[in-house]
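Following: one structure in structure tokens, then a few remarks.
No experiment lies behind these values; they were computed from the predicted model shown.
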Amino acid sequence: MTDTKVNPYLLLAIGVISVSTSAILVKVSSAPSGVLAFYRLLFTVLLMSPVFFLTYVKELKVITLKDWAYSIIAGVFLAFHFILWFESLNYTSVASSTVLVTLQPLFAFLGAYLFFGEKMTGKAVLSAILAIAGSFIISWGDFRISGSALWGDILALIACGLVTGYLLFGQTVRKRVSLITYTYLVYAISAVVLLAYVLMRGESLGPYPKEDWIYFLMLAIIPTLLGHTLFNWSLKWLSTSTISMAILFEPIGASMLAFWLLGEKILFTQIAGGVIIIFGVTLFLIEERKVKRMIQQVNEVNKNEGFSN
């Protein structure tokens with residue numbers, strides 16, 4: 001870790017707490033899921049605009065047609081991720097919804113295997129089986145409560161798959177485009193998609209109680225700009241694996257906030273399933289880090305041998 005005046009672990013913890021508020025803010029808002037998602041991204045884009053137009057707008061000239069296509073696809077995936085995840089919170093608990101969304105690394109692993117031909121190790125498969133078992137435990141417990149809770153779990157899982165697609169398409173663009181430019185474009189595209197969705201469904205863009213407007217703005221500032229900005233800042237000082245591990249604490253933070261602020265009860269099946277999922281995803285991230293290290297070592301050896309020849 002490079003020296004820094006601010007403890008990066010402290011800021012990483014603040015980032016986790018920040019993103020943990022997202023589900024709570026969605027729960028307390030009276031707006032439909034699409035409207036809520038639209039205003040979250042609209043306010044985020046508006047807040048980012050001064051920085052983008054003063055410093056990064058010139059990058060638009062070098063973005064290729066392929067990058068535009070991938071950014072549009074990523075924006076569509078992100079829009080529907082928010083719609084379905086927010087909608088899931090209308091049916092199931094914060095604990096169930098947020099812990100199921102943490103399956104994203106395993107969805108990414110599956111996507112990389114299917115589309116990029118990345119190899120599967122035995123431990124990676126075991127971690128996936130554990131995480132799937134945990135999701136079944138949560139779903140079984142929620143189904144015993146009501147069918148609607150199970151439907152919320154299903155929506156959360158689909159939302160998890162969609163955010164994985166957003167990340168997979170985005171990783172190609174991010175190799176050539178700065179973080180601010182890419183994020184701004186995708187958020188703007190996603191906001192346009194959400195606006196079209198809301199208008200097609202005939203949902204009202206207003207008026208809403210003043211509390212809702214506060215929630216819209218808080219969603220843009222706290223989990224989106226503050227939370228994800230701190231994660232991106234931490235990448236300079238901490239490894240991606242460390243940050244990925246930290247993000248696994250989001251459902252714990254969100255569940256605690258839901259318990260304290262909303263009075264949501266946490267079931268034994270949610271605790272058991274959540275622990276198994278987090279353990280499975282942790283095992284996967286550790287294994288992924290080991291595999292990447294091995295690949296880097298092999299590449300270095302091959303590179304050195306190439307120079308010696």
Side-chain angles (χ1 to χ4, degrees), residues 18-27 29 31-45 48 69-94 96-112 114-115 131 135 151-174 179 182-198 200-201 203 215-216 219-220 222-225 227-229 231-232 244 247-248 250-251 254 277 281:
S18 298
V19 296
S20 298
T21 63
S22 182
I24 307 301
L25 292 169
V26 172
K27 275 278 192 181
S29 174
S33 301
V35 173
L36 194 55
F38 167 68
Y39 280 122
R40 173 178 181 168
L41 288 178
L42 175 64
F43 285 142
T44 301
V45 169
M48 290 179 67
Y70 278 18
S71 297
I72 290 170
I73 294 171
V76 172
F77 280 167
L78 182 63
F80 284 95
H81 157 73
F82 279 133
I83 291 169
L84 294 183
W85 182 48
F86 289 0
E87 192 66 21
S88 77
L89 290 164
N90 291 326
Y91 296 96
T92 193
S93 66
V94 168
S96 293
S97 182
T98 53
V99 80
L100 289 171
V101 170
T102 61
L103 286 167
Q104 181 271 319
L106 295 179
F107 275 80
F109 163 64
L110 180 61
L114 293 175
F115 299 109
S135 66
W151 174 241
D153 294 346
I154 293 170
L155 290 176
L157 283 171
I158 298 173
C160 184
L162 288 168
V163 79
T164 304
Y166 152 70
L167 293 171
L168 287 174
F169 277 97
Q171 69 180 11
T172 303
V173 184
R174 276 285 293 116
L179 175 67
Y182 170 71
T183 303
Y184 186 85
L185 286 180
V186 172
Y187 284 176
I189 291 165
S190 191
V192 171
V193 172
L194 287 164
L195 177 60
Y197 172 85
V198 168
M200 284 191 295
R201 286 181 58 88
E203 295 175 347
Y215 300 146
F216 299 155
L219 276 168
I222 301 175
T224 309
L225 289 177
H228 291 284
T229 299
F231 291 152
N232 293 326
S244 299
I247 293 172
L248 293 180
E250 178 187 350
I277 286 175
V281 174

Can you check whether Ser88 reaches Trp85 side chain to side chain, under 4.5 Å on heavy atoms?
yes

State, with a plain yes or no, whether a side-chain heavy atom of His81 is found less than 4.5 Å away from one of Tyr166.
no

Gap between atom [atom2] of [Y] and atom [atom1] of [X] - 0.5 Å precision:
| X | Y | atom1 | atom2 | result |
| --- | --- | --- | --- | --- |
| Phe216 | Phe38 | CZ | CZ | 10.0 Å |
| Glu203 | Ser33 | CD | OG | 8.0 Å |
| Leu219 | Leu42 | CG | CG | 12.5 Å |
| Thr21 | Ile222 | OG1 | CD1 | 5.0 Å |
| Phe43 | Thr224 | CZ | OG1 | 12.0 Å |
| Ser71 | Leu78 | OG | CG | 12.0 Å |

Side chain to side chain contact (heavy atoms under 4.5 Å, CB included) partner of Tyr39, the single match among Leu41, Leu36, Val35:
Val35

If every non-hydrogen atom of [X] is compared with every non-hydrogen atom of [Y], which pair is closest and at what distance?
| X | Y | result |
| --- | --- | --- |
| Thr98 | Ala254 | CG2-CB, 3.9 Å |
| Ile83 | Gly34 | CG1-CA, 4.3 Å |
| Tyr182 | Ala74 | OH-CB, 3.6 Å |
| Leu100 | Ala156 | CB-CB, 4.2 Å |
| Val19 | Pro223 | CG1-O, 3.6 Å |

Do any N or O atoms from the side chain of Thr92 and from the backbone of Gly152 form a donor-acceptor pair under 3.5 angstrom?
no

Scan Ser29, Ser190, Ser22 and name whichever one has a side chain to side chain donor-acceptor pair (under 3.5 Å) with Arg40.
Ser22

Can you tell me how the ring of Tyr197 sits relative to the ring of Phe80, calling it parallel under 30°, perpendicular over 60° and tilted otherwise?
perpendicular

